[in-house]
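Throughout, a chain's letter reflects where its sequence line sits, starting with A, and its residues are numbered from 1.
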There are 2 protein chains.
Amino acid sequence: MRLTTKGRYAVTAMLDLAFHSQAKPVTLTDIATRQTISLSYLEQLFSRLRKAGMVTGVRGPGGGYKLSRPSKDINIAEIISAVDEQVDSTKCGGEGNCQNNQPCLTHDLWMGLSEQIRQYLSGISLGSLLEREFIVEVANRQDNDLETLVELDSLQEKISA
Amino acid sequence: MRLTTKGRYAVTAMLDLAFHSQAKPVTLTDIATRQTISLSYLEQLFSRLRKAGMVTGVRGPGGGYKLSRPSKDINIAEIISAVDEQVDSTKCGGEGNCQNNQPCLTHDLWMGLSEQIRQYLSGISLGSLLEREFIVEVANRQDNDLETLVELDSLQEKISA
DNA sequence: TTATTGTTGACTAAAATACTTGGTTTTATT
DNA sequence: AATAAAACCAAGTATTTTAGTCAACAATAA
């Protein structure tokens, strides 16, 4: 289990999706705007998430993405694993071939740490995050910001017309 | 607390140093050979470790590095912090300015995780690692490998002479 | 039919990582 | 005094990863 900004982006996007999941699917364009992540980068991440069976894409107008499972049943660890492509085993990635096909000196330590992180993150679901006050506050603020942005855009259009 | 291969290298090197700490200092050349890390890269890492007050350099022939404190009093978290230069706060590094000077949606989550990792790693000392069977085994194997390497070298020299 | 959205792949820019080169200083040993 | 072994230092380079761009195609609601 590696921890990179890629994984963080994925979790943020999934949390945004979970928060805005009503009847309608959520478009990546909306998520990109709210979370200030590049749209095409999101597309790449959601391609992975879709293949991992965590989200479902709905094409065409009114389409977007939906969670494939209830948010309570999606944990953070699996989101990160889905996008981080468990990478080369050259450097202590998985099994003990970190130094000339033998375990490196600290192999044991990193295995323990990985397990620790995995357990912590797999114990947290998207659903449980949605119950945290702090997160709901941030999400609501982002929704307001997006609304004012949209208003500004339509004003701009009226002016240039 | 970021987790990179840089930090892993530092911990590995420090553990090697702790394991071979007798009366004499340990040279970086030895550590580099045993752990297959580039010598100059090690020098850079040890420059940081020295400035952080964790090791002491001894110059001249017979010199090398020594731990500044007993191995029981050096924990893994501080080794990683010493080399990883806590980096820009642009992306959720420290305080909540991850998205346009506001906390990002998952700020709360990563703070919790960081704390979790820090607590885990600061609870593990070099000394305690040296008591783990697995680690001692690996270290001993590496010592043997180094010995045969040295033997091979002197044979080579005799041949070419 | 058209606009909207997902889907895919190839390519690029910037940053971080890992490593190299080439020195200088200190100091034990001869 | 000369030499060699080591730490120390700074700049540069190669590789990899990250983050993002571009351009096309596919499905589908309106």
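- If you check every strand for non-hydrogen atoms under 4.0 Å, A:L28 touches sugar and phosphate atoms only.
- Residue contacts for B:Y65: at a heavy-atom cut-off of 4.0 Å it reaches the sugar-phosphate backbone alone, with no base atom in range.
- Closest to the side chain of B:P61, out of D:dA19, D:dA7, D:dA5, is D:dA5.
- By the 30° and 60° cut-offs, the orientation of the rings of A:F46 relative to A:Y65 is tilted.
- Distance from the side chain of B:S38 is smallest to C:dT20 among D:dC8, C:dT20, C:dA3.
- Here the nucleotide nearest the side chain of A:Y9, chosen from D:dG20, C:dT17, D:dC8, is D:dG20.
- Distance B:K6 NZ to D:dT16 P: 18 Å, rounded to the nearest Å.
- Within the 4.0 Å cut-off from OP1 or OP2 of D:dC8, not a single side-chain nitrogen or oxygen of B:R48 is found.
- In the set C:dT5, C:dT17, C:dT8, C:dT5 carries the atom at the smallest distance from any side-chain atom of A:T27.
- With contacts defined as side-chain heavy-atom distances shorter than 4.5 Å, the pair B:L3/A:I117 qualifies.
- In this structure, of C:dT25, D:dA6, D:dA19, it is C:dT25 that holds the atom nearest to the side chain of B:R59.
- Mapped onto DNA chain D by nearest heavy atom, B:V26 and B:S40 fall at different nucleotides, with B:V26 at the one closer to the 5' end.
- Rounded to whole angstrom, the span from the CG atom of A:L42 across to the C1' atom of D:dC22 amounts to 17 Å.
- Going from atom CG of A:L45 over to atom C1' of C:dG9 covers 15 Å, rounded to whole Å.
- With hydrogens and angles ignored, a donor-acceptor pair closer than 3.5 Å exists between the side chain of A:Q44 and the base of D:dT21.
- A donor-acceptor contact under 3.5 Å is not formed by the side chain of A:E43 with the base of C:dG6.
- A:F46 places its CZ atom 10 Å from the P atom of C:dT7, with the value rounded to the nearest Å.
- Using a 4.5 Å heavy-atom threshold, the side chains of B:F134 and A:L109 count as separate.
- Closest-nucleotide positions on DNA chain D for B:K51 and A:V58 were compared, and the one nearer the 5' end corresponds to B:K51.
- We find that NZ of A:K66 is positioned 15 Å from C1' of C:dT5, with the value rounded to whole Å.
- To the nearest angstrom, P of D:dA10 lies 17 Å from CG of B:L39.
- In this structure, B:I37 reaches neither bases nor backbone, as no heavy-atom distance under 4.0 Å exists between it and the strands shown.
- The minimum heavy-atom distance between A:V136 and A:L130, with the atom names listed, is CG2-O, 3.2 Å.
- For the atom pair OG (B:S128) and CD1 (B:I74), the distance works out to 11.5 Å, reported to the nearest 0.5 Å.
- Taking atom OH of residue B:Y41 and atom P of nucleotide D:dC9, one finds them 18 Å apart after rounding to whole Å.
- Taking atom CD of residue B:Q35 and atom C1' of nucleotide C:dC19, one finds them 17 Å apart after rounding to whole Å.
- Between A:R50 and A:E43 no salt bridge is recorded (no basic side-chain N to carboxylate O distance below 4.0 Å).
- No contact: B:T29 has no heavy atom under 4.0 Å from any strand.
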